[in-house]
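In what follows, a structure is listed as structure tokens, so that the remarks can point back to it.
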Amino acid sequence: MTKSEQYNMMLLMSSVSLATVSRMLSTNGSALMDFTQGVLTGIAMVGMIAGLWMYGKARKSKA
């Protein structure tokens, strides 16, 4: 596994972990906690999409 593939996998795994943490975060009706949960979820989604795009790009260039 190349360094680039390792970085892609790390990005994907950290994004999945961030999404899990954001879903477990209790908001209790607080606007700030709702905002924080939304930001964490958004960052996790962007990270997952970027990781999958970079992984696909690396796999395509190998073939």
Side-chain angles (χ1 to χ4, degrees):
M1 186 177 276
T2 65
K3 209 57 143 161
S4 176
E5 290 173 341
Q6 289 176 359
Y7 289 145
N8 291 342
M9 284 299 141
M10 186 63 191
L11 177 63
L12 287 171
M13 294 310 294
S14 62
S15 295
V16 168
S17 298
L18 188 61
T20 303
V21 167
S22 71
R23 296 284 73 187
M24 289 173 34
L25 192 62
S26 170
T27 60
N28 295 328
S30 169
L32 179 62
M33 292 302 285
D34 282 339
F35 176 77
T36 303
Q37 186 180 31
V39 167
L40 289 175
T41 303
I43 291 171
M45 282 201 252
V46 168
M48 283 185 227
I49 290 169
L52 288 172
W53 177 71
M54 290 183 337
Y55 181 73
K57 189 176 173 183
R59 295 290 290 172
K60 190 175 184 180
S61 67
K62 265 188 174 179

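As the structure is a prediction and not an experimental result, all values here were calculated from the model.
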* Verify same cluster id: L18, L25 (apolar side-chain graph, 4.5 Å) ->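 Hydrophobic grouping puts L18 with L25.
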* Test side-chain hydrogen bond (donor to acceptor under 3.5 Å, both in side chains) on S26 and N28 and set out the steps. => CA-CA 6 Å; S26 170; N28 295 328; 3.1 Å; yes
* **Heavy-atom neighbours of M9 CE exceed 12 at 6.0 Å** => yes
Separation between [atom1] of [X] and [atom2] of [Y], rounded to the nearest 0.5 Å:
{"X": "K3", "Y": "M10", "atom1": "NZ", "atom2": "CE", "result": "12.0 Å"}
{"X": "L11", "Y": "W53", "atom1": "CG", "atom2": "CH2", "result": "11.5 Å"}
{"X": "L52", "Y": "S15", "atom1": "CG", "atom2": "OG", "result": "9.0 Å"}

Sequence neighbours excluded and cut-off under 3.5 Å, please list the side-chain donor-acceptor pairs for residues 32-40, or say none.
from: D34; atom 1: OD1; to: T27; atom 2: OG1; distance (Å): 3.4
from: T36; atom 1: OG1; to: L32; atom 2: O; distance (Å): 2.8
from: Q37; atom 1: NE2; to: S22; atom 2: O; distance (Å): 2.9

* To do: Could you give me the CA-CA distance, side-chain angles and deciding distance for T2 and Q6, then say whether side chain to side chain contact (heavy atoms under 4.5 Å, CB included) is met?
  => CA-CA 6 Å; T2 65; Q6 289 176 359; over 6 Å; no
